[in-house]
Amino acid sequence: RGGLALARGLSKSRLSHLDLSWNSMGSNMDRGRECSSALSAALEVNMELLHASFSHNNFSTLDCESIAKGLRANHSLMGLHMEGDAVLDARGFLSTMESGAQDWDGGGSHVFTRILRPRVRGREAWNPVSNCWICEKWVECRFAWHHAESPPDPLDQDAPTLPAKPTDVYLMADFDKWEPQKMNANKDEPNEHECYRMVPPGPVHYYFMIDGQASYAANIETVDRGPLGYTHLASIKMGKGLPHPDLPALNTFDALESDQDISLQPRLVHAESPKRKPVTGPWRFESSVFYKYKQDTDALLDKAFEKDFAQTKIPTSGPLKKDPEEAERVREVLQRNYAVFKDVFKHYSAAFSSEVFNMAGNAFNEVLNVCEITEDVAKGCNRTEADMVFISSNMSGPKNQQLNPKRALCRFQFLELMTSLAITKFFRLPTDEEKRCASPSEAVERFVAECLSKGERDAGQEFRWNEFYNEEIDDLLKSKQTELNKVYSKFTGKENRPTEKPKTMSLGEWQKLLEGAGLMDGEIFGDRACRLCYVRSMQTSEDELTDDTAHRKLKMVEFYEAIARVAQHRMVNGDADHPLAPACGTFAGFIAEVISAMFKSITKPKAKAKKPDEEKGEGGGSRRGSKELAAL
C-alpha cells in the first residue's frame, strides 16, 4: 500500500530527484499490478522528475512492460535506474530482462550507493552499467556523414560507387549495441546527414550504413580490425554485440565526461538537433516573470466584492430594506456576476473618463447607451431616473477627493448604481407588466444578462493565459531585463513619497514614456489606447479606498503586461509598413520592437539647446526681430 501511495503521489509531485530502490514495490502480494500501473501513469504525466531509481523492487516482466509504456511518453526524466528488474538502453527506453535475470546478484549492479550524490572515481577501472545519463555523466555528441568525403569499402575494388545523396543513412554505434539509428539530412548542409546522441564517457566506436552498405568516414580517426576481428575492443568485451564483420575499420573518438546541462531529450525515436536551451524540465509558470502578478482568481474577486458591497447601501435601499432574505439573494447574484461589473467599470472609466480610475458623467452616459439601460418613457428607467441615481450613489462612501471624487463614481458606487437601475428597470417601474420580474434578485440577474453584458470589457485572463503567458515571451522579457529595468527606473517615482519603495509608474510617466519612444502617433495608438493599456495591466485591488492609491500606480510585473498590451494593439490595428512593425510579425516580435523603441528613447543623445545670442541667420549674422530691424 505504501508503494502504491508513493506511485500515485508521483503524478503531482514536483520532486526532481527520487530514490525508491530496494522497496519491493513489485511484491507478489500486488496481484492486480496496481503499483506498477500507477507508476506508469505517473511517469507519463510527471514533467518535473529529472533523476530516479526504482532498482531492485522485484518488478515482474508485466510490471516492467507497464512502466516502459508510461516512460515512452516522458521526455524530461534524464536519468533512470531499473537494475535488477529491467534494462535501460542508451536512448532511455526500458526493456524487460531475459527470464531469470532478476535473480542475479544486485550488489554490483549499481556503482553508486544513492542517486542524490553520484560520484565516480577511478574512471579507468569503471564501466557504465546503468545507461543513466546523469550518474555516468554522459555527453552530447554530434555524428555526421559527409557524402562527398566518405569512400566506399576500400577492400572491395568492384564495389559500386556510393550515390552522391543516399536515401538512408544509419549510425551504428557500440553504445547502442550496434542497433541502427536513422540520421536526418542536414537542412543547412545538403551533402550531410547528422544526428545528435548522448554517449558515455570513454572510447566510442561506430560506423555507418549507407543505403544498406557498411562504411566509415575516412576523414575521422579510425581503429583497424584486428586478426580476430574487433574482439580486442573494450566495448566488444562488455558484450555489446559485434559490428559489421567485413568492415576494415571503425571510426572512434574519446568522449570526455561533462557536468553541463543536458539539452537532448530522452526516448526520442529520431534524435533532434539541440538548437534549444538546456532541458531542465518543461517551462513552469512559477519560475516566470509573470508569477508575481496577482491573478483574478475567484478568491480575489470574492474579497474585492465583499469590500465593495460593504460600502454600498444596497441591503437597506428600496424593496430590499424590509426583506433581508431577498437582499441576501441579490447579494449572491451580484457576487456571482461581480467580474462583469468590475470589468465594465474599468473599461469605460479609462476609455471615456478624464478621471481614468473613476467613472465621470460622460463615461456613465456611454454605458447607458451601449448597454441600452434607459428607456424613452415618462415613468420608468429613463435618463432623469438614471441621473438621480448617479448623484445619489456618488454621495456615499468616505470623503476623499482623490479616491472618491464628487462628480465621478468609485467601483463600489458603480455596483450600487447598476443594482438600483436593474431593480427599477425590471422590478419596480417596468412599463410592460409582462416583462416585470418576480423579485429584485431576478431583476438583477436579468439586467446583467440583457444589459450589462452588452458593455465592452477586457477579457484580461484570457489574454494572459492564451497569448501572454508562455515560454517564448517569458524568455524574451528575461533576456531584455537590463533594458526594461533602466526604462522602468527612469519613468518611476514622480508620484511616490520619498520613503515609498519600490518606486512605481504613474499614468503621466507612462504616457511620457510612450510619447518619447514614438509609440503614440495619434493614428494607430492614441491617448485612449494609452490609458487602456495602462489600466488593463493593473492587478485588481481588493479595496480601492484603503490601498493607498496602489491601484493607480504601475508595478514592475504590471509594466511587463502594459508593454505587451501596447504590442498587441499595434499588431491588431497597425500598418505592416510601419517602421515599428517587425518583419516576423509575431506577438513576441512586436513586444521586442516596443521594448527596443522604449530603450532607444532613453539612450539617444539629447540635442543641446542654443542660447538666443548664439542663433545665427542665413547670412551668418545675428537673427533679430522685425522691430529691432526697423529701428536700425
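Note that this is a predicted model, so its numbers are computed, not measured.
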Partners passing ring-ring contact (aromatic ring centres under 6.0 Å, His included) against Phe345 (at least two apart in sequence or in another chain)
Phe414
For Tyr560, which residues count as a side chain to side chain donor-acceptor pair (under 3.5 Å) partner, sequence neighbours excluded?
Gln481
Residue list, ring-ring contact (aromatic ring centres under 6.0 Å, His included) with Phe290, at least two apart or on another chain:
Phe468, Tyr469
Restricting to salt bridge (Lys or Arg N to Asp or Glu O under 4.0 Å), what partner residues turn up for Glu286, sequence neighbours left out?
Arg14, Arg284
Among all residues two or more places apart in sequence or in another chain, which pass the salt bridge (Lys or Arg N to Asp or Glu O under 4.0 Å) test with Arg336?
Glu445
Sequence-distant partners of Phe390, side chain to side chain contact (heavy atoms under 4.5 Å, CB included), two or more places apart
Phe364, Leu409, Leu417
Quick one: list whatever passes salt bridge (Lys or Arg N to Asp or Glu O under 4.0 Å) with Lys303, sequence neighbours left out.
none
Residues forming a ring-ring contact (aromatic ring centres under 6.0 Å, His included) with Phe447, sequence neighbours excluded
none
Under the salt bridge (Lys or Arg N to Asp or Glu O under 4.0 Å) test, residues paired with Lys321 that sit two or more places apart
none
Take atom OH of Tyr291 as the centre, draw a 6.0 Å sphere, and report whether it contains more than 12 heavy atoms from other residues, nucleotides or ligands.
no
Can you tell me how the ring of Phe352 sits relative to the ring of Tyr348, calling it parallel under 30°, perpendicular over 60° and tilted otherwise?
parallel
Of all residues at least two apart in sequence or in a different chain, which pass the side chain to side chain donor-acceptor pair (under 3.5 Å) check with Glu385?
Arg428
My understanding is that only residues two or more places apart in sequence, or in another chain, count here; which of them pass ring-ring contact (aromatic ring centres under 6.0 Å, His included) with Phe412?
none
When the ring planes of Phe587 and Phe463 are compared, do they come out parallel, tilted or perpendicular, using 30° and 60° as the limits?
perpendicular
Going by side chain to side chain donor-acceptor pair (under 3.5 Å), name the residues that satisfy it together with Gln461, two or more places apart in sequence or in a different chain.
Gln295, Arg464
